[in-house]
Amino acid sequence: ASNLNEMMQVINGNSGNCLIAPAIFKHINLTGEFHGVSNIFTQGGLAHAQPQQINQRHSHVFLMMQDQIKLEASDLPWKEITDWLSKITIPVVPFGLGANSMQHMPMELAKNLPHDMVRFLNVLSEKSAYISTRSHYSSDVLTSLGIKNISITGCPSYFARGPFFLAKKTALTAKQK
């Protein structure tokens with residue numbers, strides 16, 4: 001990317017997204033060269049992602065997700081993304097899909113989501129063995145939409161230290177209390 005705005009668009013405006021794919025690939029021990037679309041959630045983001053070629057050349061499609069389930073994401077190109085996803089015939093593996101709302105409980109948010117976003121979520125469910133979500137709240141929104149193949153994994157960045165990392169609880173010092 002030639003400037004900060006272009007770089008932030010590639011990572012969907014969230015610098016933490018730079019960590020997601022490497023963390024997941026490290027956790028499941030994937031190595032080698034990977035090909036992909038930087039950001040399918042931008043207008044024209046799928047212009048070079050030809051489903052027929054993807055189906056022929058690859059074994060899986062990994063979708064590194066973030067907090068796309070929110071009313072503020074209504075203007076994303078959901079129809080274009082869903083039409084593209086519908087043409088994928090190889091397994092789809094979505095990681096870290098999240099929902100956010102400061103104003104709505106999960107069922108209320110689910111009722112207010114735009115039709116094209118709900119259609120995307122249903123097609124994603126049909127194409128995936130499981131949808132990895134970031135939280136119980138995210139899973140509750142999907143469940144409210146009738147989606148059941150959910151696994152709560154947390155943010156994919158949690159996997160950055162590899163599959164065998166265990167966080168150790170340490171006692172607080174008097175100063176920390």
Side-chain angles (χ1 to χ4, degrees), residues 1-22 24-25 34-58 60-104 106 108-135 137-147 149-150 153 155-157:
S2 62
N3 65 42
L4 181 60
N5 288 336
E6 288 177 20
M7 182 182 74
M8 292 305 285
Q9 183 177 14
V10 166
I11 57 176
N12 213 23
N14 182 338
S15 61
N17 290 343
C18 294
L19 184 60
I20 293 174
I24 293 299
F25 293 156
F34 302 99
H35 305 277
V37 177
S38 298
N39 185 355
I40 66 170
F41 292 99
T42 58
Q43 292 293 341
L46 292 170
H48 302 291
Q50 302 299 318
Q52 185 177 14
Q53 291 177 355
I54 292 169
N55 293 330
Q56 291 173 352
R57 295 180 184 170
H58 302 284
H60 292 76
V61 169
F62 286 84
L63 293 177
M64 305 308 171
M65 310 296 286
Q66 62 183 49
D67 295 330
Q68 278 96 2
I69 306 173
K70 56 187 176 185
L71 297 178
E72 299 84 356
S74 297
D75 60 343
L76 294 176
W78 294 110
K79 183 178 181 333
E80 176 187 359
I81 297 165
T82 306
D83 291 347
W84 173 84
L85 184 60
S86 296
K87 296 173 187 167
I88 298 297
T89 58
I90 58 178
V92 175
V93 184
F95 280 101
L97 180 60
N100 275 322
S101 176
M102 298 298 284
Q103 295 86 19
H104 303 334
E108 185 182 358
L109 177 61
K111 288 179 184 177
N112 288 299
L113 293 174
H115 170 77
D116 286 344
M117 184 189 299
V118 172
R119 182 172 167 256
F120 164 78
L121 295 169
N122 282 299
V123 170
L124 183 65
S125 173
E126 292 167 11
K127 297 282 185 173
S128 310
Y130 288 95
I131 297 174
S132 155
T133 65
R134 291 176 180 239
S135 65
Y137 181 86
S138 305
S139 295
D140 289 347
V141 172
L142 293 177
T143 300
S144 294
L145 295 171
I147 296 171
N149 55 329
I150 303 163
T153 57
C155 178
S157 63

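If you're wondering where the values come from, they're calculated on a predicted model, not measured in any experiment. Only heavy atoms go into these numbers, but all of them, side chains included; no hydrogens, no water, no symmetry mates.
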_Nearest 0.5 angstrom please: E108 CD to L113 CG, how far?_
11.0 Å

*Hey, are the side chains of D116 and T82 touching, using non-hydrogen atoms and a 4.5 Å cut-off?*
no

*So, the side chain of W78 versus the backbone of A73: is there a donor-acceptor pair under 3.5 Å, distance only?*
yes

_Restricting to salt bridge (Lys or Arg N to Asp or Glu O under 4.0 Å), what partner residues turn up for D83, sequence neighbours left out?_
K79, R119

_Closest non-hydrogen atom pair between L85 and K127, with its separation_ = O-CE, 3.4 Å

_Restricting to non-hydrogen atoms, name the atom on P94 and the atom on M65 that form the minimum distance, rounded to 0.1 Å._
CB-CG, 4.3 Å

*So, for V141 and A99, which heavy atoms are closest and what is the spacing to 0.1 Å?*
CG2-CB, 3.9 Å

*Calculate, to the nearest 0.5 Å, the distance between atoms NZ and CE belonging to K70 and M117 respectively.*
9.0 Å

*For atom CD of Q56, decide whether the heavy atoms of other residues, nucleotides or ligands shown that lie under 6.0 angstrom number more than 12.*
yes

*When you measure from the side chain of N112 to the backbone N and O of L71, does any donor-acceptor pair fall under 3.5 Å?*
no

*All side-chain hydrogen bond (donor to acceptor under 3.5 Å, both in side chains) counterparts of T89, not counting sequence neighbours*: N55

_Within-4.5 Å side-chain heavy-atom neighbours: L97 and L121_ = yes

*Just by distance, do the side chain of S101 and the backbone of H104 share a donor-acceptor pair under 3.5 Å?*
yes

_Separation between CG of N122 and CG of L145, rounded to the nearest 0.5 Å_ = 6.5 Å

*Polar contact flag, side-chain donor to acceptor under 3.5 angstrom, S138-T133*: no

*Flag the pair W84 / I54 as yes when at least one side-chain heavy-atom distance between them is below 4.5 Å, and no otherwise.*
yes

_Non-hydrogen atoms of G96 and S132 that approach each other most closely_ = N-OG, 2.9 Å

*Please identify each residue that fulfils ring-ring contact (aromatic ring centres under 6.0 Å, His included) with Y137, with sequence neighbours left out.*
none

*Q68 versus Q66: any side-chain heavy-atom pair under 4.5 Å?*
yes

_Taking the side chain as everything from C-beta on, heavy atoms only, tell me whether L124 gets closer than 4.5 Å to I147._
no

_Residue pair K87 / P51: nearest heavy atoms and the distance that separates them_ = CB-CB, 3.6 Å

_For a quick test of reading the model, state the closest non-hydrogen atom pair linking S86 to V123 and the distance between them._
OG-CG1, 3.9 Å

